[in-house]
Amino acid sequence: MASGDRETALTPAGTSHVPVVIAGGGPVGLSVAALLAHHGVSCLVLEADASWCEGSRAICLSRRSQEILGWVGADRPLTAKGLSWVGGRSYFRDTEVLHFEMPSEPAERFAPMVNIQQYYVEQYAHAAALRAGGVDMRWSTKLSAVRAHTSGVDVEFQSVDGHSHCVHTDWLVACDGGRSTVREQLGLQLEGTQYEGRYVIVDIEQNTRREVERLAWFDPPSNPGSTILMHRQPDNVWRIDYQVADHEDPMEAVKPENVLPRVQAHLDMIGESAPWKPLWISIYNAKCLTLPSYRHGRVLFAGDAAHLVPIFGVRGLNSGLDDAGNLAWKLALVLKGHASDTLLDSYSSERVLAARENIAYGAKSTEFMAPPHHGFALMREAALRLALVAPGVRSLINPRQTSPVEYVNSVLNQTEHGTAFAGGARPGMPAPEARLHTLQGLRHLTALFGTNFVALYFSRNQNLPRYIEQATASRSGPAALHVVRVADRGAADAGTVVDELGQAWRRYDAVQGTLYLIRPDGYVMGRWRESASAPDIDGLLKEALKERT
Amino acid sequence: MNTDEIEFIYTALAECIARVGKAKTSLLLATLALDLLSQQSNADAALERILQAERLANI
């Protein structure tokens, strides 16, 4: 067991009550635990393994994931340890056919992507959860049975000493991975497609000075006919993924005597000559699978327990962390009596929609990276050759990296009335970033999100209109509304930030009196271009959350 | 053609090749190529495309 854990006594045969049980202490489960703890909700986390995961597993964390891990309280060690990057290169044989860069700007809060071993993410999220308090973390604890009732869930598990326990919980959050026991206990099936093409995943330790970027080779001279991906990780580790030929036996493919010569040939080809040793070998085939719903009564699914997406485009853990960010505030509001449990239906509909979009992009990437039939294999051969002379087709090689999903038609999105916006972020889209002067100096706007509802009021006048003051005065606790005035000049104060660079006013398409209502997970819930609209914010929040009054 | 459209026709042609099967793939692609080449502005432009494709096929 990792140090610092706190256990509450459970009698071997007794039944205890906890508000939330989280099945699975991986990065998603630990993030849900920490986020709930920040909202003042206690939980019991059950993890079958003895500690953080073995092997690097999911290594690319998006900007959005870094923001969510900021709410968790794990972003500082993450960005200090991780290797940030903005783009990548793809080669056909030994000629570069694509150089892509993700959106990035100077002094940004987080890089578009950071590489780090998953066990570090788990370690940092675990530490944050323990710091927040109220998290009972049980390692080496195997969930054995789940009995769901209308009023809660009975969860049976076996602790490290071999004793059986039963707890009754109001809500069970299943974050127990691709082979979820909770899913099996409820008799639920993932739906979708599995691809045949396999990739071997190898971590090696080797010193390098190479720039941190995503590297891909198609049909490289080192391994003719294969596709190879390389990513740098902290601690002088390379992640190398390569495609296995269709006729190769997967069991044979992961044997060191078959893996190491291929790695050596490729390191020789790219001129990485320092001594190296293998750390971890695994094998992978692409899956596009999801549950049709992530809420089943009082059981909620998140991460790989809910959906499995191809690794190409790094949408697996990144979408799992978005599940955590979407679910935690909603579950906290329900548990604290500030929202009806129907709010959790929006968790399911929004995140199932996101999974379907991630699956669509992941399937496209897989069709290129591991062609599922003769048609895609032949077209890839053609596209790679044509990319040498025709820049217009190079986008076909782009790995389609993860980006936040718009929650189109979410029940939480507020209909827009009045003067139309020509730009900015619609309800259901992530709120844009901006650098602003605050009392603490230059800060990023997204750092305001992650806890409460936020009202961004764009105004040159110091006084807030009465309708905003009324809304803040009538809300408190976890459902409180935090109002921030975004001025375009002047001095910052406790309730005012100053947009000297003009980024916020431009990116939100704001005029004097524009109001944006932002959800605790940083998504735009509603917006009103001119103050003449004077929406009843408290009323619409009550309606959207089906608040108990 | 924008990137979404290129991706769409790439997938459409890949699926079409799979539907006709390996035995008829060459015939399918030759028919398609002749159709597109006949829409070039003149024979020189079409021949340039043919020779480029030959060079790329022999890489």
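Values below: every heavy atom of this structure, side chains too, minus hydrogens, waters and symmetry copies. Quantities reported herein were computed from a predicted structural model and do not represent experimental measurements. In what follows, chains are A, B, ... by sequence order, proteins preceding strands, each numbered from 1.
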Q: Is it the case that more than 12 heavy atoms not belonging to A/Tyr91 sit under 6.0 Å from its OH atom?
A: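 Counting neighbours around OH of A/Tyr91, more than 12 heavy atoms of other residues, nucleotides or ligands fall under 6.0 Å, so yes.
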Q: How many angstroms lie between atom CZ of B/Arg55 and atom CG of A/Leu388, to the nearest 0.5 angstrom?
A: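 The CZ atom of B/Arg55 sits 11.0 Å away from the CG atom of A/Leu388.
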Q: In this structure, are over 12 heavy atoms from other groups packed under 6.0 Å from A/Asp249 atom CG?
A: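 Yes, the 6.0 Å shell around CG holds more than 12 heavy atoms from other groups.
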Q: Answer with side chain, backbone, both or neither: which region of B/Ala57 has an atom nearer than 4.5 Å to a non-hydrogen atom of chain A?
A: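 Backbone only.
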Q: Name, in order of residue number, those residues of residues 5-19 of chain B that have a heavy atom at a distance of less than 4.5 Å from a heavy atom in chain A; otherwise write 'none'.
A: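 Listed by number, the contacting residues are B/Ile6, B/Glu7, B/Tyr10, B/Thr11, B/Leu13, B/Ala14, B/Glu15, B/Ile17, B/Ala18.
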Q: Output the residues of residues 421-433 of chain A for which the shortest heavy-atom distance to chain B is under 4.5 Å, in residue-number order; output 'none' if no such residue exists.
A: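 From residues 421-433 of chain A, none sit under 4.5 Å of chain B.
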Q: Before giving the answer on side chain to side chain contact (heavy atoms under 4.5 Å, CB included), spell out for A/Arg93 and B/Ile59 the whole-Å C-alpha distance, their side-chain angles and the decisive distance to 0.1 Å.
A: CA-CA 10 Å; A/Arg93 298 189 179 152; B/Ile59 284 175; 3.3 Å; yes
Q: Suppose a student defines contact as a heavy atom less than 4.5 Å from any heavy atom of chain A. Which residues in residues 24-51 of chain B would they list?
A: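 From residues 24-51 of chain B, the residues near chain A are B/Thr25, B/Leu29.
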Q: Sequence neighbours left out, what pairs pass side-chain hydrogen bond (donor to acceptor under 3.5 Å, both in side chains) with at least one residue falling in residues 378-393 of chain A?
A: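 Residue pairs with at least one partner in residues 378-393 of chain A: A/Thr227-A/Arg380, A/Glu381-A/Arg385.
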Q: More than 12 heavy atoms of other residues, nucleotides or ligands under 6.0 Å from CG of A/Asn409: is that the case?
A: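 No, not enclosed.
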Q: Can you tell which part of A/Ala383 gets under 4.5 Å to a heavy atom of chain B, answering side chain, backbone, both or neither?
A: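 Contact with chain B is through the side chain of A/Ala383 alone.
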Q: Pick from A/Ser395, A/Ala377, A/Gly375: which one has the most heavy-atom pairs with chain B under 4.5 Å?
A: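 Top count of heavy-atom pairs under 4.5 Å with chain B: A/Gly375.
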Q: Does any non-hydrogen side-chain atom of B/Gln52 lie less than 4.5 Å from one of A/Leu386?
A: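 Side-chain contact under 4.5 Å: yes.
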Q: By a 4.5 Å heavy-atom criterion (distance strictly below it), what part of A/Leu384 contacts chain B: side chain, backbone, both, or neither?
A: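 For A/Leu384, neither part sits under 4.5 Å from chain B.
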